[in-house]
2 protein chains.
Amino acid sequence: MGNMMAKPKILVVEDEASIRKIVQTYLESAGFSVTCVDNGRDALTLALSNPPDLVVLDLNLPGMDGMEVAARLRESSDVYILMLTARGEEADRVAGLRLGADDYLTKPFSPREMVARVEAILRRQRDVGGSRQDHTLRFAHLVIDLDRHEAVVAERPLDLTVTEFQVLWALAASAGRVLTRDQLLTQVWGSSFYGNDRVVDVYVGQVRRKLQEQSDAPMIETIRGIGYKFVDPKQT
Amino acid sequence: MGNMMAKPKILVVEDEASIRKIVQTYLESAGFSVTCVDNGRDALTLALSNPPDLVVLDLNLPGMDGMEVAARLRESSDVYILMLTARGEEADRVAGLRLGADDYLTKPFSPREMVARVEAILRRQRDVGGSRQDHTLRFAHLVIDLDRHEAVVAERPLDLTVTEFQVLWALAASAGRVLTRDQLLTQVWGSSFYGNDRVVDVYVGQVRRKLQEQSDAPMIETIRGIGYKFVDPKQT
DNA sequence: GGCTGCCTTACCGATTCATTACAAATCCCA
DNA sequence: TGGGATTTGTAATGAATCGGTAAGGCAGCC
């Protein structure tokens with residue numbers, strides 16, 4: 001789908017231009033939004049004004065040491081940190097971990113592995129937050145279950161694509177309230193979607209069609225000039 | 001565990017003093033009650049006299065091996081275990097340990113990550129409602145026994161490798177709910193796996209093939225764009 | 001050396017995506 | 001009330017993405 005979620009932002013802090021360039025290239029082609037700086041001071045400034053999701057941080061920096069940068073970053077936020085170091089002493093490794101680096105690569109490293117590490121760190125971040133709630137929306141004839149990823153109308157399962165499902169979920173979760181196209185775009189397509197908002201109309205249309213194939217209650221209303229609204233037919 | 005409000009007790013078994021210290025510090029500041037030992041024998045004694053809620057266990061211990069400690073712990077109790085291993089530990093042992101541990105991390109690991117994992121394991125325990133007693137999953141045509149490490153479809157045993165078994169177990173244990181590739185990676189391959197998530201597809205494919213050689217009910221559904229879901233054919 | 005199991009890679013077909021263009025509906029004001 | 005302007009519905013389309021799977025490299029083990 002291009003991008004359902006915003007591109008994770010990554011800040012690369014590395015003084016050696018050649019390495020910096022490689023890291024940037026690989027990360028960008030892996031779909032990340034990358035910013036580079038070559039010293040610790042700029043890193044801190046930038047991290048404050050525009051917090052990244054993860055920092056790739058060289059340990060050996062001119063001026064402010066990588067360790068200190070890490071410590072400072074951690075003071076003010078909980079960014080994830082991937083440390084880069086020269087082939088190194090045990091002492092460094094331990095100290096690096098104590099300061100809370102989330103992973104660690106020794107130079108020379110394979111760029112692909114570096115990307116893999118970055119992805120793994122971000123992946124974990126997403127996973128751990130999962131305390132279970134009831135992820136189910138229930139209406140008169142419609143039940144939407146996020147965990148099963150299943151929507152059922154009048155006992156019949158709907159065959160929805162991911163995007164269609166998300167559109168339906170977004171609307172149903174705000175049942176009774178109007179959602180503008182922009183709100184739907186943000187909720188479903190993510191805040192960094194630069195496409196045409198007519199895509200919302202197309203998907204609403206598709207969801208409507210599939211809903212009506214199974215049940216004739218029109219559950220998604222068009223609010224002209226504004227957006228769409230889900231209404232539970234039994235209610236109202 | 002009794003009281004949810006009581007600090008969970010954690011036993012750390014690690015021979016390297018520096019790592020032990022870091023682990024202890026981080027866990028304590030996360031609000032756990034921590035005890036440390038540096039060898040397997042003490043670990044077992046202590047675990048018997050004062051059973052912890054979770055054990056953080058190094059795989060490479062002098063004297064009694066971490067694997068053996070895990071096995072002994074499991075014999076007498078249901079403690080949760082978080083394994084620590086060195087990177088590049090032989091694939092085989094790592095595969096084996098997945099069966100005994102609830103999660104594992106490869107060194108060098110991020111202390112924050114470690115704490116997050118510990119919390120996740122304990123939370124999972126609460127969510128499921130306590131004991132991990134049922135080491136057997138039963139469905140219409142499929143029975144999976146974790147202790148015997150055996151899966152039987154329509155009376156016929158399945159010849160699964162360790163990884164295949166784990167994948168099937170993970171899916172079946174969440175029967176009806178979708179698991180993303182990331183979730184499967186974490187549950188089966190551990191939280192520090194830096195590979196490609198397509199490996200999930202490959203293994204799901206293999207399990208499917210073996211299942212269908214014995215029974216024609218398709219039990220693993222693909223949820224395009226999300227992941228996979230186990231469905232009991234008799235149900236639903 | 002042959003076996004087995006793990007993980008990666010690459011290819012291909014099928015599905016899904018976002019855009020576009022045009023038709024239909026609605027609005028608004030003369 | 002009519003007609004032009006605006007908004008929405010939707011079919012069609014090429015491009016992008018996704019998932020199945022065969023093949024192969026690698027490592028440990030007998």
Side-chain angles (χ1 to χ4, degrees), chain A residues 1-5 29-31 110 112-113 115-116 119-120 149 158-168 178-182 184-185 188-190 192-213 218 220-229, chain B residues 87-99 106 149 158-168 171 178-182 184-185 188-190 192-213 218 220-229:
Chain A
M1 167 169 346
N3 60 35
M4 289 238 333
M5 281 193 217
S29 70
S110 124
R112 326 188 88 226
E113 186 178 6
V115 171
E119 284 172 339
H149 207 263
L158 284 179
D159 183 27
L160 302 175
T161 69
V162 188
T163 309
E164 289 161 3
F165 186 90
Q166 283 177 301
V167 167
L168 177 58
V178 191
L179 290 182
T180 66
R181 288 189 178 71
D182 277 350
L184 281 166
L185 273 186
V188 176
W189 280 264
S192 59
F193 175 81
Y194 295 118
N196 193 316
D197 68 1
R198 294 301 311 279
V199 74
V200 173
D201 300 51
V202 174
Y203 275 90
V204 166
Q206 248 148 346
V207 173
R208 274 180 176 153
R209 180 173 53 73
K210 293 189 178 178
L211 278 171
Q212 272 161 353
E213 280 169 8
I220 303 180
E221 288 181 0
T222 301
I223 310 298
R224 183 166 237 268
I226 310 279
Y228 297 94
K229 176 168 84 169
Chain B
R87 188 171 280 165
E89 202 88 40
E90 308 97 272
D92 218 39
R93 300 189 72 199
V94 172
L97 88 82
R98 288 197 211 122
L99 292 174
T106 55
H149 200 250
L158 281 178
D159 183 27
L160 300 175
T161 69
V162 176
T163 308
E164 289 161 3
F165 183 87
Q166 291 277 104
V167 168
L168 178 57
L171 284 167
V178 188
L179 292 181
T180 64
R181 288 186 179 70
D182 281 351
L184 281 166
L185 275 185
V188 175
W189 280 265
S192 40
F193 172 80
Y194 294 115
N196 192 311
D197 66 2
R198 294 303 310 278
V199 73
V200 173
D201 300 50
V202 174
Y203 274 90
V204 166
Q206 251 147 352
V207 173
R208 272 181 176 153
R209 180 172 54 73
K210 293 189 178 179
L211 278 171
Q212 273 162 351
E213 279 169 9
I220 304 180
E221 286 182 2
T222 302
I223 310 297
R224 191 170 228 269
I226 309 275
Y228 297 94
K229 176 165 83 169

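What's counted below: heavy atoms across the whole structure, side chains too, no hydrogens, waters or symmetry copies. Here is the naming used below: chain letters follow the sequence lines, and residue numbers restart at 1 for every chain.
Nucleic acid contact for A:Asp201: base, since at least one base atom lies under 4.0 Å from a heavy atom of the residue. As judged by a 4.0 angstrom heavy-atom cut-off over every strand, B:Val202 is placed among the base-contacting residues. Residue contacts shown for A:Arg181 are limited to sugar-phosphate atoms, with no base heavy atom under 4.0 Å away.
Using a 4.0 Å cut-off, no side-chain N or O of A:Thr161 falls inside it from OP1 or OP2 of C:dT15. At the phosphate of D:dT7, neither OP1 nor OP2 sits under 4.0 Å from any side-chain N or O atom of A:Tyr228. Residue B:Tyr203 places none of its side-chain N or O atoms closer than 4.0 Å to OP1 or OP2 of C:dT8. Between A:Trp189 and the phosphate of C:dA18, there is a side-chain N or O to OP1/OP2 separation shorter than 4.0 Å.
Qualifying salt bridge (charged side-chain N to carboxylate O under 4.0 Å, His left out) partners for B:Asp197, counting only residues two or more places apart in sequence or in other chains: none. With sequence neighbours left out, the salt bridge (charged side-chain N to carboxylate O under 4.0 Å, His left out) criterion links B:Arg198 to B:Asp201. Remark: B:Arg224 pairs with no residue by the salt bridge (charged side-chain N to carboxylate O under 4.0 Å, His left out) rule, at least two apart or across chains. By the side chain to side chain donor-acceptor pair (under 3.5 Å) test, B:Asn196 is found to be paired with no residue, residues two or more places apart in sequence or in another chain being considered.
Rounded to a whole Å, the NZ atom of A:Lys229 is 17 Å from the C1' atom of D:dT8. Going from atom CD1 of A:Ile226 over to atom C1' of D:dT7 covers 12 Å, rounded to whole Å. Look at CG on A:Asp159: it is 7 Å from P on C:dT16, rounded to the nearest Å. Computed from coordinates, the B:Leu160 CG to C:dC6 P distance equals 10 Å when rounded to whole Å. In this structure, the CG atom of A:Asn196 is 17 Å from the C1' atom of D:dA15, given to the nearest Å. In this structure, A:Asp197 atom CG and C:dT19 atom C1' are separated by 12 Å, rounded to whole Å. One interatomic measurement links the two molecules: CZ of B:Arg208 to P of D:dG19, which rounds to 11 Å at whole-angstrom precision. Atom CD of A:Glu213 is separated from atom C1' of D:dT10 by 14 Å (rounded to the nearest Å).
Listed nucleotides: D:dG20, D:dT8, C:dA18. Nearest to the side chain of A:Thr222: D:dT8.
Of all the heavy atoms in A:Val167 and A:Val204, the pair that sits closest is CG1-CG2, 4.2 Å. In terms of heavy-atom proximity, B:Leu184 sits nearest to B:Trp189 at O-CE3, 3.8 Å.
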Protein-to-nucleotide contact annotation, 5' to 3' order, nucleotides 25-30 of chain C [B base; S sugar-phosphate only; - none; under 4.0 Å, heavy atom]: BBS---
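B:Phe165 and B:His149 have tilted rings, their planes meeting at an angle from 30° to 60° on a 0 to 90° scale.
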Donor-acceptor contacts, no H, no angles, side chain residues 205-212 of chain B, under 3.5 Å, sequence neighbours left out:
| from | atom 1 | to | atom 2 | distance (Å) |
| --- | --- | --- | --- | --- |
| B:Arg208 | NE | B:Ile220 | O | 3.1 |
| B:Arg208 | NH2 | B:Ile220 | O | 2.9 |
| B:Arg208 | NH2 | B:Thr222 | OG1 | 2.6 |
| B:Arg209 | NH1 | B:Glu213 | OE2 | 3.2 |
| B:Lys210 | NZ | B:Asp159 | O | 2.9 |
| B:Lys210 | NZ | B:Glu164 | OE1 | 2.8 |

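The base of D:dG20 sits with one of its N or O atoms less than 3.5 Å from a complementary donor or acceptor on the side chain of B:Arg198.
Both A:Arg112 and A:Val199 sit near DNA chain C, but only A:Arg112 has its closest nucleotide nearer the 5' end.
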